Amino acid sequence: MSYLLRTLTTKREVDSIIRDTIDKVLILRFGRCSDSVCLLLDDILAKCAREVSKFASIALVDIDSEEIQVYIKYFDITLIPSTVFFFNAHHMKMDSGTADHTKWIGAFHEKQDFIDVVEAIFRGAMKGKLIVSCPLPPERIPKYQLLYKDV
């Protein structure tokens with residue numbers, strides 16, 4: 001389903017979509033089109049794209065591209081898929097009870113879970129917030145262990 005969504009492969013494309021998306025939540029999925037979890041998330045994103053189109057835009061970012069490595073390091077993308085949210089060129093964060101508030105790691109369990117998260121981010125952003133609480137119950141949030149290098 002990743003062929004239904006716009007795929008970004010250069011830094012210039014990522015910069016311009018972040019800068020040019022106004023009054024909508026921008027969802028960037030960092031991952032590989034060959035990864036099974038990424039394909040599962042892409043399927044959910046493609047199915048939701050039309051339903052959230054009035055208040056959100058979705059794009060995929062190929063992490064194997066050389067030019068994208070700047071963003072991979074900046075957002076500390078070590079686990080894929082990682083989904084990063086923006087609103088009016090501001091990085092939106094979400095407190096989901098995990099150690100990392102800057103991105104969503106893993107796939108969503110259901111289509112409605114994704115829609116609920118995007119709506120919560122949009123509503124918080126419209127109120128001027130840069131961090132919002134996750135509307136999902138804890139059992140629907142992917143669990144992972146953070147490993148820190150050189151600590």
Side-chain angles (χ1 to χ4, degrees), residues 1-2 4-8 11 13-33 35 37-63 68-149 151:
M1 287 297 213
S2 59
L4 297 175
L5 299 168
R6 181 175 176 192
T7 301
L8 310 174
K11 183 182 182 303
E13 289 176 326
V14 175
D15 289 341
S16 69
I17 198 168
I18 291 171
R19 185 185 57 245
D20 297 341
T21 304
I22 303 298
D23 292 335
K24 283 186 170 185
V25 175
L26 173 64
I27 300 123
L28 295 179
R29 189 277 287 151
F30 287 84
R32 292 184 183 94
C33 292
D35 184 65
V37 181
C38 287
L39 290 174
L40 178 67
L41 179 58
D42 291 351
D43 185 46
I44 291 171
L45 296 177
K47 288 178 181 177
C48 294
R50 186 166 180 198
E51 294 178 34
V52 299
S53 65
K54 291 190 186 243
F55 58 92
S57 299
I58 303 170
L60 311 178
V61 181
D62 180 21
I63 65 166
I68 301 296
Q69 297 307 310
V70 173
Y71 285 110
I72 304 299
K73 289 179 183 155
Y74 182 77
F75 291 118
D76 191 28
I77 308 243
T78 52
L79 301 172
I80 61 169
S82 291
T83 308
V84 181
F85 303 94
F86 293 90
F87 185 81
N88 289 346
H90 291 285
H91 182 203
M92 296 297 296
K93 298 170 184 71
M94 183 173 51
D95 181 6
S96 57
T98 61
D100 191 359
H101 299 325
T102 61
K103 58 191 167 283
W104 180 274
I105 297 175
F108 291 90
H109 290 278
E110 296 176 3
K111 184 173 126 174
Q112 191 60 46
D113 291 347
F114 172 72
I115 294 170
D116 291 345
V117 165
V118 175
E119 279 183 4
I121 290 173
F122 179 73
R123 289 172 196 237
M126 292 303 286
K127 293 177 184 174
K129 295 180 179 180
L130 292 177
I131 186 166
V132 298
S133 296
C134 182
L136 303 180
E139 61 271 5
R140 285 223 170 110
I141 298 171
K143 303 288 187 256
Y144 57 91
Q145 292 287 328
L146 285 180
L147 301 174
Y148 295 100
K149 294 182 192 175
V151 175

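Remember, it's a predicted structure, so these values are computed and weren't measured experimentally. Just the heavy atoms: all of them, side chains too, but no hydrogens, waters or symmetry mates, feed the values below.
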Considering all heavy atoms, the nearest V84-T102 contact: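 Nearest pair, atom of V84 first, then T102: CG1-O, 4.3 Å.
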Heavy-atom closest pair, residues F85 and W104: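 Shortest heavy-atom contact: CE1-CB, 4.1 Å.
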Quick one: does any side-chain atom of [X] pair with a main-chain N or O of [Y] as donor and acceptor, under 3.5 Å?
| X | Y | value |
| --- | --- | --- |
| D95 | V132 | no |
| K103 | P81 | no |
| Q69 | I63 | yes |
| S16 | E13 | yes |

Sequence neighbours excluded - side-chain hydrogen bond (donor to acceptor under 3.5 Å, both in side chains) pairs with any residue from residues 121-131: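 For residues 121-131, and leaving out neighbouring residues, there are no side-chain hydrogen bond (donor to acceptor under 3.5 Å, both in side chains) pairs at all.
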Verdict with reasoning, V25 to V52, per side chain to side chain contact (heavy atoms under 4.5 Å, CB included): CA-CA 9 Å; V25 175; V52 299; over 6 Å; no
Spacing of [X] atom [atom1] and [Y] atom [atom2] [to the nearest 0.5 Å]:
| X | Y | atom1 | atom2 | value |
| --- | --- | --- | --- | --- |
| I115 | K47 | CD1 | NZ | 11.5 Å |
| C134 | M94 | SG | CE | 4.5 Å |
| D113 | I141 | CG | CD1 | 9.5 Å |
| I17 | S57 | CD1 | OG | 6.5 Å |
| I44 | E110 | CD1 | CD | 8.5 Å |
| L45 | L40 | CG | CG | 9.5 Å |

Worked check of side chain to side chain contact (heavy atoms under 4.5 Å, CB included) between L130 and K93: CA-CA 6 Å; L130 292 177; K93 298 170 184 71; 5.7 Å; no
Within residues 48-60 or reaching into it, pairs that qualify as salt bridge (charged side-chain N to carboxylate O under 4.0 Å, His left out) - sequence neighbours excluded: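 The answer is E51-K111.
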Flag side-chain contact, heavy atom, 4.5 Å: I58 against F114: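 Of all side-chain heavy-atom pairs linking F114 with I58, at least one is under 4.5 Å.
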Pairwise side-chain contact, I121 with V117, heavy-atom cut-off 4.5 Å (strictly under):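 Yes, close enough: below the 4.5 Å cut-off.
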Intermediate values then yes/no, side chain to side chain contact (heavy atoms under 4.5 Å, CB included), L5 and R29: CA-CA 10 Å; L5 299 168; R29 189 277 287 151; over 6 Å; no
Intermediate values then yes/no, side chain to side chain contact (heavy atoms under 4.5 Å, CB included), I68 and D62: CA-CA 8 Å; I68 301 296; D62 180 21; 5.9 Å; no
By ring pair (Phe, Tyr, Trp, His ring centres under 6.0 Å) - contacts of H91 (at least two apart):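 In terms of ring pair (Phe, Tyr, Trp, His ring centres under 6.0 Å), with neighbours along the sequence ignored, H91 is linked to F75, F86.
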Qualifying residue for side-chain contact (heavy atoms from CB on, under 4.5 Å) with F30, from L60, T83, V61, I80: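 Passing option: V61.
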